[in-house]
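Have a look at the structure below, then the notes.
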Amino acid sequence: DKENNNLIDFLGADEVLNRQTTVRNANDATGTNLKTRVALIRNFKKKDRKLNVTYRFTYDENKSTGNLYSLDRNIYSPLLNDTIDQEKRNNSLSLSHTASVIYVEPLNAKMKLEFEYELFSNHNDQLKKTYNFENGSYEAVDLSLSNEFESTKLQNRVGTSLIYEHKKHRFVAGARFRNVEISNKN
């Protein structure tokens, strides 16, 4: 829990106070993160023949709440006084999955073929709400400062490469193709 308080005085050219601003901010945040990786690496009897299968999962969740109170006092024109009293609530969630397979087949002592496939899936949700203080509570939603987003991404990628290795040198030529589907909702 973190709180900041500021009092700012504005003086005119005559060094007399003509405006004063009071600002109070308070924030509290929590988060959870999980990252996992599972891999299977298989070396076959034939030299340089390999299979690598990997799965990764990521989970990120964050929540925060905060308050903003701002009083802007005009000393000479009280009708210009302004007050902001708001509460904000933020929630975000991100889930991603990645699965990949890489297979290497030696053609001879110096050349190999590599085949690769990857599937990537990601889903993000974000909710930001701002509430104005009215009638004794923070229940009036301020639509101009609130939003909700949902994003999903699905990617399929496939590729192949020809690898030439000789002593300390390695040359690789290949191509990858991918298909990406993205959906964003606001």
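These numbers come from a predicted model, not from an experiment.
- The hydrophobic cluster containing L95 does not contain F149, counting ILVMFWY residues as joined when their side-chain heavy atoms lie under 4.5 angstrom apart, directly or transitively.
- The two residues N90 and K129 come nearest to each other via the heavy atoms OD1-N, 4.4 Å.
- In the hydrophobic clustering of this structure, V101 groups with F115; members are Ile, Leu, Val, Met, Phe, Trp, Tyr whose side-chain heavy atoms approach within less than 4.5 Å, directly or through other members.
- Checking H97 against Y55 by side-chain atom types alone, a donor-acceptor pair falls below 3.5 Å.
- The closest side-chain heavy-atom distance from K46 to P106 is below 4.5 Å.
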What's the verdict on side-chain contact (heavy atoms from CB on, under 4.5 Å) for N91 and L93, showing C-alpha distance, side-chain angles and the deciding distance? CA-CA 7 Å; N91 295 320; L93 176 65; over 6 Å; no

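- Interatomic distance, NE2 of H123 versus CD of E150, reported as 4.5 Å (0.5 Å rounding).
- With 3.5 Å as the limit, one finds a donor-acceptor pair spanning the side chains of D85 and Y138.
- Within the model, atoms CG of L11 and CG of N18 stand 7.0 Å from one another, a figure rounded to the nearest 0.5 Å.
- The backbone N or O of N184 sits nowhere less than 3.5 Å from a side-chain atom of S151 that would complete a donor-acceptor pair.
- Side-chain N/O atoms of Y103 and N52 include no donor and acceptor closer than 3.5 Å.
- Contact annotation: the side chain of L162 approaches that of L107 to within less than 4.5 Å [non-hydrogen atoms, C-beta and beyond].
- A salt bridge between K2 and D28 is absent, with no side-chain N of the basic residue lying under 4.0 Å from a carboxylate O of the acidic one.
- In terms of heavy-atom proximity, M111 sits nearest to Y164 at CG-CD1, 3.7 Å.
- The shortest side-chain heavy-atom distance between Q20 and L7 falls under the 4.5 Å cut-off.
- Dense packing is recorded around OH of Y76, with more than 12 heavy atoms of other residues, nucleotides or ligands lying under 6.0 Å away.
- For the pair N186 and N147, the minimum side-chain heavy-atom distance is below 4.5 Å.
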Would you check, one step at a time, whether the test side-chain hydrogen bond (donor to acceptor under 3.5 Å, both in side chains) holds for N6 with N4? CA-CA 7 Å; N6 293 307; N4 292 316; over 6 Å; no

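- Closest heavy-atom contact between S96 and N122: CB-ND2, 3.3 Å.
- Taking the ring centre of F120 as origin, the terminal cationic atom of R157 falls outside the region bounded by 6.0 Å and 45° from the ring axis.
- In this structure, N135 places its CG atom where only 12 or fewer heavy-atom neighbours from other residues, nucleotides or ligands lie under 6.0 Å away.
- Atom CG of L71 and atom OG1 of T21 lie 7.5 Å apart (nearest 0.5 Å).
- The pair K128-E148 fails the salt-bridge criterion, with no side-chain N (NZ, NE, NH1 or NH2) lying under 4.0 Å from an Asp/Glu carboxylate O.
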Applying side-chain hydrogen bond (donor to acceptor under 3.5 Å, both in side chains), run through N156 and Y117 and close with a yes or a no. CA-CA 8 Å; N156 286 283; Y117 174 74; 2.4 Å; yes

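- Between L119 and L154 there is a side-chain heavy-atom pair separated by less than 4.5 Å.
- At least one side-chain heavy atom of L68 sits under 4.5 Å from a side-chain heavy atom of V23.
- Scanning both residues, N27 and G66, for their nearest heavy atoms gives OD1-CA, 3.6 Å.
- In this structure, N81 contributes its side chain and N74 its backbone to a donor-acceptor pair below 3.5 Å.
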Between F57 and V38, is the side-chain contact (heavy atoms from CB on, under 4.5 Å) condition met? List the steps. CA-CA 9 Å; F57 173 72; V38 178; over 6 Å; no

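- Cluster annotation: F10 is not connected to V16 through the hydrophobic network of ILVMFWY side chains, with a link wherever side-chain heavy atoms come within less than 4.5 Å.
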For R73 and I75, run side-chain contact (heavy atoms from CB on, under 4.5 Å): C-alpha distance rounded to whole Å, both residues' side-chain angles, the deciding distance at 0.1 Å, then the answer. CA-CA 6 Å; R73 248 183 45 184; I75 305 301; 3.1 Å; yes

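- At least one side-chain heavy atom of Q86 sits under 4.5 Å from a side-chain heavy atom of D142.
- The CG atom of L145 sits 5.0 Å away from the OG1 atom of T130 when rounded to the nearest 0.5 Å.
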Given side-chain contact (heavy atoms from CB on, under 4.5 Å), test Y131 with R89 step by step and report yes or no. CA-CA 8 Å; Y131 300 89; R89 301 175 198 161; 3.5 Å; yes

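- With a 4.5 Å cut-off on side-chain heavy atoms, L51 and F44 count as touching.
- Remark: side-chain polar atoms of S183 are not paired, donor with acceptor, to backbone N or O of T152 under 3.5 angstrom.
- Checked for salt-bridge contact, E105 and R49 meet the test: a charged N lies under 4.0 Å from a carboxylate O.
- We find that E165 and K112 are joined by a salt bridge, their nearest charged nitrogen and carboxylate oxygen being less than 4.0 Å apart.
- Expressed to the nearest 0.5 Å, how far CD of E139 lies from CD of E87 amounts to 8.0 Å.
- The OG atom of S161 sits 9.0 Å away from atom CG of L113, with the distance rounded to the nearest 0.5 Å.
- In this structure, the side chain of T160 engages the main chain of E114 through a donor-acceptor pair within 3.5 Å.
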